[in-house]
Amino acid sequence: MLQKIPQLQSFYLADDLGNFTLITRSATKDVLDHVRLVTGADGKKFLQHTLYNAAGQVVGHYDAPADNYDPRTRPWYKNTENKDTIQWTQPYLFPSDKQFVMTSSLRFKRDDGHEMVFATNISLNELSAFLDKIKIGKSGSAMIVDANGRVIAGRNLMQHAQAAGWDPDKMVLDPKDYPVFALGYDHYRVRGFGPKHVEWDGKTYIAMASALPRYSQGWVLLIVAPENDFGSFAHQSSRQSLQFAGIVTVFSLLLGGLYLRQLRRTEAGNRRLSVHQSQVAQESGALQQVAVTPHLFDPTAEPLVITEQLAQVTGARRASLWRFLHDGAAMVCDDTYDRTQNTHSGGFEMGRQELGKFFDAVEEGNSFFVSNAATDERTTRFERLVMREVSTHALAVYPVHGPHGTLGMLALEEPVMLPHLLYFVELMASIAGTRFAAQSALEAQQSPAVAGSGLPAPNAPLGPTKSDNLLMRADGMAAVTGASIYPSVAVLVVSFSDPVVEGNKETATLIALINQLATQVQSVAQEEQLFAVEVAGHRMICMAGCTTEPDPTALFRLANAALKMRETFMGALAAADLEPVFTMGMDFGPAFGGAVGQAPTVFNLWGQTVSLAELMAESAIDPGTIQVTERVYASLRDRYLFRSRGSFFVPHLGLGRAYTLAARR
């Protein structure tokens, strides 16, 4: 405030115990002095000065004697006793920088019952300088007086104050010094506020009186200007009006041109929007066509609908679905759809030995696009073996991910890959991943036993069942065999920091703590009837609502479980003298999943909901917090308390908002 408003001179703060602090301008320009009243070790009081520059950096320190200074004896403190409104002191000279000031102060009570007084010094010099800078007509001026006619601010204030012997009661409007102002003030006392005509020395003046805000204790702003100033102002205003009319005409023509330009751009935008809406409708129709396909996740059924819809939506000449064999030595084509000929083919195989670099690029797990597959070292042999027969050149490859790595790929030849199509293609890749995982499990069951190799026969028991990664499973999970699409799944991901241990003793202690947390998680999951709790390294994934029909209570049960788990983890880690080393993330929406593997099968869940929940957990800054997506906040805000965390970016989806789940209402 002191840096921005020159009329403010300083701020005081004092309490009824004698404590005092002051922030004021120093003798050096743009340097502020922070003064504290401090009692030394010897019991004597002194003023501790700390100097700050305009950037808020400390540039100096020094101490000065306090001379038994007590703020409670000052007029600005005493005149607020038993009052709860702003009080003003008489104008007085501030000796440090020769400023003529007035002090306004206000008394208030702290929470502990002690009273404090906050005061502000107003520089009448600066206020007068401000009034002098105001241009009123050609020769008008302004002055501030109080209800008793004493001059508060105006032209030649310091000379007027010095002539009055620095006595505020004697600083009144003198007709000898301010004849026109005195006449205007007399009219104000008789007729009140507003403009008045006054005459002096044969000239007519306009005198205006206006009330200042109520905290100024009856201050009145007086403005006087010769009447002919307003006449010249009217003449000048006419010229300016003519100029403004010309400017308005020019701007009207310019705005008209801009309007026509914007109209054309809007039409072009509408055309693009229409194309985009058509594309969205096409994607929606394709997804619906895929969703209603019977036996979509049955590995024995051909994936014709996937390749057909990929080619139709992306405009590709051909779309093909490739799957790694179980040993990774080859890829087999489950289906290829040629859009121009409307034909399906498949069943051919590529070996790693002949396409080693292409296999490596796919197994890296990142999608890529090449405009000419014949010139890229990764795709040269794929182009010669697969693409050359139909004379295609551009190739887009999207790896198909599974629970244990890359399972295969989607290949699009000559696609029209617009940015918003990426989500559709990745969704198709996720569906293909579910099929591949089920197909790999089926092939493992059907593979014959190798004689003398020590491997069990197909129908032979596999020995003791190894523990899967499900910490808790619902009673109905045993019935989950195939893959399903779940419309309203709530997912909670808990991410722990990787522990650092230095010996067997620390390892045993850590394992005992982890076992304690796992047991408590199982108890909470059973109380809230969660569907499953999966453990994967330092992450734990809790799921609810994995049903083909929407479960309206799944999100509420998972939110209750998240709050209980957080309190459980905080308590257990505090008892072990450890800092909170976990973050939690939640999302809610559609997902698809099913049982994969054999003896035992393991339930796995895929989809954007799982990815966003994991992103919320990994991006949480503060340990021990539950970060949720905007759709979780929209569903729970009536029953739970949240704090906004700001925006986050999701690849292929754009910006979203994140919130922190605090507690139940």
Side-chain angles (χ1 to χ4, degrees), residues 1-14 20-35 47 49-54 56 64 69 71 74-80 85-106 117-136 141-173 177-178 181 210-223:
M1 295 294 289
L2 292 176
Q3 291 172 354
K4 294 180 179 296
I5 303 178
Q7 291 82 14
L8 296 178
Q9 184 65 22
S10 57
F11 293 98
Y12 299 155
L13 189 63
F20 173 74
T21 185
L22 160 69
I23 299 179
T24 186
R25 305 177 190 275
S26 69
T28 305
K29 184 179 180 182
D30 295 330
V31 175
L32 301 181
D33 188 0
H34 189 185
V35 185
L47 296 175
H49 293 257
T50 304
L51 303 178
Y52 295 86
N53 61 14
Y69 178 81
R74 309 303 297 174
W76 55 268
Y77 187 97
K78 295 173 65 176
N79 67 357
T80 62
T85 58
I86 293 178
Q87 303 298 317
W88 291 80
T89 64
Q90 294 286 344
Y92 60 93
L93 181 67
F94 202 80
S96 61
D97 51 5
K98 302 300 181 183
Q99 290 282 337
F100 201 51
V101 301
M102 292 182 69
T103 303
S104 64
S105 53
L106 178 67
V117 174
F118 176 70
T120 305
N121 277 349
I122 307 296
S123 172
L124 300 183
N125 303 54
E126 294 292 342
L127 187 57
S128 299
F130 171 75
L131 293 177
D132 283 343
K133 293 178 183 178
I134 298 177
K135 185 177 181 181
I136 305 172
S141 58
M143 176 177 290
I144 296 176
V145 298
D146 65 6
N148 298 318
R150 294 178 297 185
V151 177
I152 301 300
R155 186 173 298 174
N156 302 323
L157 175 70
M158 295 302 290
Q159 293 86 337
H160 191 52
Q162 187 175 7
W166 307 103
D167 185 355
D169 292 330
K170 296 181 180 179
M171 294 174 57
V172 295
L173 277 175
D177 298 327
Y178 307 102
F181 277 107
S210 177
L212 292 177
R214 59 188 180 92
Y215 289 131
S216 59
Q217 291 190 339
W219 288 3
V220 179
L221 175 64
L222 294 178
I223 298 176

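Fair warning: this is a prediction, and the values are worked out from it, not measured in the lab.
Looking at T24, its side chain never comes within 3.5 Å of a backbone N or O of F11 through a donor-acceptor pair.
Taking CG from L51 and OG1 from T28, the interatomic distance works out to 7.5 Å, rounded to the nearest 0.5 Å. In this structure, CD1 in I86 is found 11.5 Å from OG1 in T80, a value given to the nearest 0.5 Å. Here the CG atom belonging to L222 is positioned 8.0 Å from the CE atom belonging to M143, to the nearest 0.5 angstrom. Note: Q9 CD to L2 CG = 8.0 Å, rounded to the nearest 0.5 Å. Taking OG1 from T89 and CG from N121, the interatomic distance works out to 7.5 Å, rounded to the nearest 0.5 Å. Atom CD1 of residue I23 and atom OG of residue S10 lie 10.0 Å apart, to the nearest 0.5 angstrom.
Annotation for N53 and Q3: closest pair O-NE2, 4.0 Å, computed over non-hydrogen atoms. Contact between A14 and W76 at its shortest, heavy atoms only, is CB-CH2, 3.9 Å. For A64 against H49, the heavy-atom pair with the smallest separation is CB-NE2, 3.9 Å.
Annotation: side chain of V220 is not in contact with side chain of I144 (no heavy-atom distance under 4.5 Å). At a threshold of 4.5 Å between non-hydrogen side-chain atoms, the residues T120 and I122 count as touching. Looking only at side-chain heavy atoms (C-beta outward), Y77 and F20 stay at 4.5 Å or farther from each other. Proximity of Y12 to R74: side-chain heavy atoms (C-beta onward) are nowhere separated by under 4.5 Å.
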Checklist entry - Between V117 and L106, is a side-chain contact (heavy atoms from CB on, under 4.5 Å) present by the stated rule, with each step listed? => result CA-CA 6 Å; V117 174; L106 178 67; over 6 Å; no
